[in-house]
Amino acid sequence: MASHVVLTSGAKLWRSLPCLTSELRLDLTLACGQSFRWRETAEGHWTGVMGGRVWTLTQTDDRLWYHVYTNQKKRRGRENRAEEQPEGVPNVEEEAPAVTDEQQSTMEAEMLREYFQLHVKMEDLCRHWGAADRHFKNTADVFTGVRMLRQDPTECLFSFICTSNNHISRIQGMVERLCQALGVPLCQLDQTPYHDFPTLSALADSSVEARLRDLGFGYRARYLQQSAKMILDTHGSQWIEGLRRVPYLEAREALRTLPGVGAKVADCVCLMSLDKPEAVPVDTHVWQIAKRDYKYAADNGQKSLTDKLYKDIGDFFRKLWGPYAGWGQSVLFCADLKKFQNLKEMGHVKQPKKEKETHKRCKKTKKDFDGNKIKTESEYRKKAKISVKKESTL
DNA sequence: AATCGACCTGTCAAC
DNA sequence: ATTGCCAGGTCGATT
């Protein structure tokens, strides 16, 4: 049976392209909650599905290394209970014609460059933002290499419908189950099955809501099925991708017509998959950041994020950072996650003492993958103390 | 335009 | 071991 590869045990299996860690940090970028499908399968090695293939990625100081697994079951011997397979699923066949390793590798490198949007220079952006924004500079000095992925629009949309009123840790499990239940199987590595993200037609099936409720999706089960059905019924299968070619606000409003898609989810999809770098998703984190770190006072102690406040905060950051404001937001958002608080304490220090934690989490259970229990306790204590200390000296 | 409550359920931190 | 709040929101009804 195939297993996950690691760089140290066979450089033959790997290709690479130039990429500085100042431009890309896999550990931050793949685990900050923009994509939910990457797992650290060995120390510093991230395995996930992208472009219908299974990849393992890792990096050294100046290169990004990748391995693509071959699809074991090209011909599915398993009964595929989707009897109605509309003709619009061209994804099944490729690499049948003679493609040299060289060509294959070139194509894969190009897929990676696109996925990580390596043409966008984070160093330049951060220097620019940091010059005018003290707080950003302090944060970005530690959180260097957080960048926006260019995700598949369908995957992005349906993943983010799952995020409402929810935790990242739980969302990851849900998206995993979604793919397992409705996506085409790709391969299996060390007992872990990998599936493609479900197609629109798979998501739109009337049986899906009940199925997903059984899988613990709660009220989001209906949103997923209904949104997929609405897209296919009223727009067609190419509609979401087509939104890449329309202006930001138009794409945003189009998305908001879907059930389960409000301002925040629409902005996430715009920013993370539709080439709208000016989209600034405002969630509770960003709201807190605006108030706490930017003394954003235009909300007179409001209880909830109203439409107007949402827009004002987005405009505030767009004015501060310009057309790539969404990229800036993602850096601060990442820095605000508690799973990454330990990075702040050690500043630039390269590799922390590795708690031996990385080994046990690679098994196959999804719950070992939290990565934040290592220091949360002290961190929480510290945080609480800070906010309390101001009002009561202990 | 702002506020309120309901909505599913797993996680995490506090009894 | 158990409990209770809450999490990267959205929707519909009210004021």
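These numbers come from the heavy atoms of this one structure, side chains and all, not from hydrogens, waters or symmetry mates. Chain naming here is simple, since letters A, B, ... match the order of the sequence lines and numbering starts at 1 in each.
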Report task. Report the distance from atom CG of A/Asn166 to atom P of B/dC12, rounded to the nearest whole Å. Result ->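 Interatomic distance, CG of A/Asn166 to P of B/dC12: 12 Å.
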
Query raised in the report: Given atom OH of A/Tyr223 and atom P of B/dT9, what is their separation to the nearest angstrom?
Result: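 One finds 14 Å between P of B/dT9 and OH of A/Tyr223, rounded.
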
Query raised in the report: For A/Thr106, which residues count as a side chain to side chain donor-acceptor pair (under 3.5 Å) partner, sequence neighbours excluded?
Result: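 Scan of A/Thr106 (side chain to side chain donor-acceptor pair (under 3.5 Å), adjacent residues dropped) gives none.
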
Query raised in the report: What does A/Cys162 touch in the nucleic acid at a heavy-atom separation under 4.0 angstrom: a base, only the sugar-phosphate, or nothing?
Result: nothing

Can you tell me the Watson-Crick or wobble partner of [N], both distances under 3.5 angstrom?
{"N": "B/dC8", "answer": "none"}
{"N": "C/dT14", "answer": "B/dA2"}
{"N": "B/dC15", "answer": "none"}

Requested in this report: Please assess A/Tyr115 against A/Asp152 for the test side-chain hydrogen bond (donor to acceptor under 3.5 Å, both in side chains), listing each intermediate value before the final yes or no.
Outcome: CA-CA 9 Å; A/Tyr115 187 66; A/Asp152 172 75; over 6 Å; no

Query - Within residues 269-286 of chain A, residues whose heavy atoms come under 4.0 Å of DNA chain B - result: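 Heavy-atom contacts with DNA chain B come from no residue of residues 269-286 of chain A; none.
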
Mind checking the [atom1] distance from [N] to [M]? Whole angstroms is fine.
{"N": "B/dC8", "M": "C/dA13", "atom1": "P", "result": "16 Å"}
{"N": "B/dA14", "M": "C/dA7", "atom1": "P", "result": "14 Å"}
{"N": "B/dT9", "M": "C/dA1", "atom1": "P", "result": "24 Å"}
{"N": "C/dG8", "M": "B/dA2", "atom1": "P", "result": "25 Å"}

Query raised in the report: Is there a donor in the side chain of A/Gln172 and an acceptor in the side chain of A/Glu176, or the other way round, less than 3.5 Å apart?
Result: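 Absent: no donor and acceptor within the cut-off.
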
Requested in this report: State whether A/Arg213 places a side-chain N or O below 4.0 Å from either non-bridging phosphate oxygen (OP1 or OP2) of B/dC8.
Outcome: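 Answer yes for this pair, as a side-chain N or O of A/Arg213 is under 4.0 Å from OP1 or OP2.
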
Output one line per pair: protein atom, nucleotide atom from nucleotides 1-4 of chain B, and distance, for all N/O pairs under 3.5 Å.
| unit_1 | atom_1 | unit_2 | atom_2 | d |
| --- | --- | --- | --- | --- |
| B/dA2 | OP2 | A/Thr306 | OG1 | 3.3 |

